[in-house]
Each structure stands twice: as structure tokens, then as C-alpha cells.
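One structure below.
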Amino acid sequence: MEIINNITQDVIKKAANSLINGHLVAFPTETVYGLGADATNEKAVSRIYSVKGRPTNHPLIVHISSISQLNNWAIDIPEYAIKLAREFWPGPMTLLLKRSELAMGFITGEQDSIGLRVPDQSVALALLDELEKLGGLGIAAPSANRFGAVSPTTAEAVQEELGSFLQTEDLILDDGQCAVGVESSIIDCTKEYPVVLRPGAITIEMIEMTSGVNLQLNPEKSDIRASGLLESHYSPKAQVVIDVAAEPGDGFIALANIPTPAGVVRLASPENIEEYARIFYKALREGDQKGLKKITVLQPDGGGLAIAIRDRSGKAAAGKGTLR
Ligand code: TXA
Ligand code: MG
């Protein structure tokens, strides 16, 4: 596996060729780093599952270069989904749509829907363009972490997560820190109304404004399977506890205006919600690197992106016998 950090057009060509030849390419998006494979190559896609250690019935998001590629992968697209795509692509939003013939079971986890997204990141878009020039139709990419672990927001974090599972010819493209820092909003567009399955930087308020529909954040009522929807996910090795008093020796993540309690290890002091999202996963990783046993997270209040941060911190805390 090679990590490349000076991403020239030649590097993009090399990476697109690697994908077409069935290798894996980890690449930056504006949300988190993805582990990419040619979405039409079953063998390459199956390697994503083994490298991540992910159950094969968990579907993958296919990344496409623009809205014009939608019809390759999806059928019966509702009007409101087109509106959302026009408004927010490229951007941190995944739409679940009824799948086309092209979207086969090895991508969709044998479900009838396909997840699609146009990422808003120059390296990702250049890679998609180059792949299409070679006849490719999209890049299947989950977050580039081991199953259940924290998503990587830097290339170093990808290497730490997956380095020992990748093969010689696989690549990691390093374009620095991801701008958003939490995974895309996932919107189920297979029903009459959109349903937000995973909150993200395209917020419920933004979706309501565009679609003209009142939304609920409603994973329970959906029959769709999404691994990010498992109660416990996005977990570091340290135990995560939320909105309780930090104890000496804990890692501590809270907005900058909250003072550091005595004896704790401050892992992050974001000034605002956007910065909180951007550095949250990195801060959890730092807690692990420092060998901390427990990380106390004080969640941000309010709507918008704060909802996504509370969703991820709640999932990081779940399943380890912690307070919620
Ligand atoms: O921001 C993101 O979405 C990142 C970057 C790399 O694009 N990707 C990402 O992928 O977070 P992943 O696989 O780690 O999380 C996507 C979630 C998973 O929980 C998956 O099960 C769900 O989306 N998903 C994908 N396609 C689906 C489908 N057809 N039906 C239901 N759930 C789906
Ligand atoms: Mg993931």
C-alpha cells in the first residue's frame, strides 16, 4: 500500500487506473475518508468488506461525479429527491433510491435501494471524473475504518485503521483533514416523503426547506438496514461517557467556553459547532493514542449540525455499559 500526499493529475490518473484494475483506493471526501472500489467490480467490492471486517449484508454508498449519473444507478426517482440533489450535490448528503439493474446485490446488501452521493471534495471529484473517462460508473466507498470503529478524517487515521489489511497495490490519497468531519446525512427517498436516517451537515431544517416536507429523524420506523444505524458504532477503544462530570484522568471533549475540570486531559476545545464536528473523531482517536480508559464528552445543544454530533457521540457511548 502506498500513501500519496502530493496529489497531481498524474496521481489521479494512477488512482483511477488502480480502481479500474480492481485495487482499492482510500480517498478524501468533505465528510470522512472513504475506502473506494470500482462499484461495478464484484471482486474489488468484496475486498472492501474483508478489509473493513464488515458484514456483507451492510450496503455501500456509490459515489458519482454529478447528478447526471443518477439514472445509471436509480429508478423511479421522486421529485423531492431531484430537488434535494439539485440543491445539495456536490455535498455531504446521501440519497437512498430505488436501485437500477446496475446496482447489484453485492453493493446494496441485497436490498432494493441504492445509496448515492456526489462528494464535495476536489480530489474525490477529480478521481470520479478520471474513472468515468476510463469507462467507470462510480466508486463504492464506506468510511475507511474497521467495522464499528471511528471514521477517519485524515490519511494517517486511514493508515492506522486499515494499513495492515491493504495490499501492495492499494493506495491512500492524502489531502489533509476533512472539512466537515462527520459522515453524510442519509435520506431515505424510497417513500412518499423523505426520512432522515443519519443526521449530518445537510440538516433537517435544510432538507425541509428544499423538499417542502416536514421531516422526522426516524430510523426506528424504517425497515432499511444501515450499519451507521446500529446503536453502537463509531466507537474508540476508550469508554465514552456523555454529559456527566469528568473525573481526573478522563479525556475531555467540550466547547471552548467550558472550562477544563481539574486533572482531566483536554482533547478538544472547539469554538463552534462546525469545528466540533470537524475535530470530534480526531479527538476520540487522540484519546486512544494517549491510552486513556475513559473519555467524557459534553455534547453541544441545539439543532442543525449539533444533532449529528449528538448522534455520533451517543453511538460512541453506546454498548459499553455507559450512561447515555
Ligand atoms: O460521508 C459518508 O457518507 C462517507 C463518505 C466516505 O462518503 N461514507 C460512509 O459510508 O459513511 P459508510 O458505509 O461508512 O456508511 C454508510 C451507511 C451505512 O450505515 C450503510 O449501511 C448505509 O449507509 N447505506 C448505504 N447504502 C444503503 C442502502 N441502499 N440502504 C440502506 N442503507 C444504506
Ligand atoms: Mg462507516
Look at the side-chain heavy atoms of Ile, Leu, Val, Met, Phe, Trp and Tyr, link any pair under 4.5 Å apart, and say whether [X] and [Y] land in one connected group.
X	Y	value
Y234	I279	no
L35	V62	yes
W73	I75	no
I61	I77	no
Y80	Y193	no

Any side-chain heavy atom of [X] within less than 4.5 Å of one from [Y]?
X	Y	value
L125	S66	no
F106	L60	no
V213	P194	yes
Q299	I309	no

Just how far is it from atom [atom1] of [X] to atom [atom2] of [Y], taken to the nearest 0.5 Å?
X	Y	atom1	atom2	value
Y33	E156	OH	CD	7.5 Å
E2	L173	CD	CG	9.5 Å
E160	Q289	CD	CD	5.0 Å
H23	L166	NE2	CG	12.0 Å
L131	L137	CG	CG	8.0 Å
I139	T40	CD1	OG1	11.0 Å

At their closest point, which heavy atom of [X] faces which heavy atom of [Y], and how far apart are they?
X	Y	value
A141	H63	O-CE1, 3.1 Å
A140	V45	CB-CG2, 4.4 Å
K98	T190	N-CG2, 4.1 Å
T296	A246	OG1-CA, 3.8 Å
L96	G115	CD2-CA, 3.5 Å
P270	A254	CD-O, 3.2 Å

- Query: Step by step, would you call E208 with I204 a side-chain contact (heavy atoms from CB on, under 4.5 Å)?
  - Reply: CA-CA 6 Å; E208 283 182 341; I204 293 167; 4.1 Å; yes
- Please lay out, stage by stage, how R278 and T153 fare under the test side-chain hydrogen bond (donor to acceptor under 3.5 Å, both in side chains). CA-CA 8 Å; R278 187 155 57 240; T153 54; over 6 Å; no
- Message: Looking at E161 and R285, is any side-chain nitrogen of the basic one under 4.0 Å from a carboxylate oxygen of the acidic one?
- Response: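 Salt bridge present between R285 and E161.
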- Query: Does the pair E130/K14 count as a salt bridge with the N-to-O cut at 4.0 Å?
  - Reply: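 Looking at K14 together with E130, the answer is no, because their closest N to O distance does not fall below 4.0 Å.
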- Query: Have Y281 and E183 got a donor and an acceptor in their side chains that come within less than 3.5 Å?
  - Reply: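 Per modelled atom types, Y281 and E183 side chains form a pair under 3.5 Å.
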- Query: Do T154 and Q177 meet the criterion of a side-chain donor-acceptor pair at a distance under 3.5 Å?
  - Reply: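 Result is no, nothing qualifies.
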- Between V196, V195, T94, I202, which is the residue that forms a side-chain contact (heavy atoms from CB on, under 4.5 Å) with I186?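 The single option meeting the side-chain contact (heavy atoms from CB on, under 4.5 Å) with I186 is T94.
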Test item: [X] side-chain N/O and [Y] main-chain N/O as donor-acceptor pair under 3.5 Å:
X	Y	result
R146	V51	yes
D129	S65	no
R310	P300	yes
S100	N72	yes
S185	G200	yes
S143	N145	no
D250	F252	no

- Yes or no on salt bridge (charged side-chain N to carboxylate O under 4.0 Å, His left out) for E286 and R266, after CA distance, side-chain angles and deciding distance? CA-CA 10 Å; E286 269 169 30; R266 185 104 195 195; over 6 Å; no
- Message: Checking D175 against Q121 for the side-chain hydrogen bond (donor to acceptor under 3.5 Å, both in side chains) test, could you report, in this order, the C-alpha distance in whole Å, the side-chain angles of both residues, the deciding distance, and whether it holds?
- Response: CA-CA 10 Å; D175 194 29; Q121 210 282 356; 2.9 Å; yes
- Query: After noting the C-alpha distance and the side-chain angles of V182 and L305, does the key distance pass the side-chain contact (heavy atoms from CB on, under 4.5 Å) rule?
  - Reply: CA-CA 9 Å; V182 292; L305 190 54; 4.2 Å; yes
- Message: Using the ring centroid of each side chain, check whether H58 and F147 are separated by less than 6.0 Å.
- Response: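 Between H58 and F147, the centre distance is under 6.0 Å.
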- Message: Tell me if the CD atom of E79 is crowded by more than 12 foreign heavy atoms within 6.0 Å.
- Response: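 Incorrect, the count does not exceed 12.
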- Show the numbers, then the answer: is there a side-chain contact (heavy atoms from CB on, under 4.5 Å) between M1 and I172? CA-CA 7 Å; M1 170 266 304; I172 300 177; 3.6 Å; yes
- Are R117 and T31 close enough, and set up right, to give a side-chain hydrogen bond (donor to acceptor under 3.5 Å, both in side chains), and what steps lead you there? CA-CA 11 Å; R117 161 164 132 79; T31 58; 3.1 Å; yes
- Check step by step if salt bridge (charged side-chain N to carboxylate O under 4.0 Å, His left out) holds for R47 and D170. CA-CA 11 Å; R47 279 202 54 230; D170 299 331; 2.7 Å; yes
- Given D311 and K315, is the salt bridge (charged side-chain N to carboxylate O under 4.0 Å, His left out) satisfied, shown in steps? CA-CA 6 Å; D311 172 72; K315 282 176 174 142; 3.0 Å; yes
- Message: Between I187 and F88, is the side-chain contact (heavy atoms from CB on, under 4.5 Å) condition met? List the steps.
- Response: CA-CA 12 Å; I187 306 162; F88 299 120; over 6 Å; no
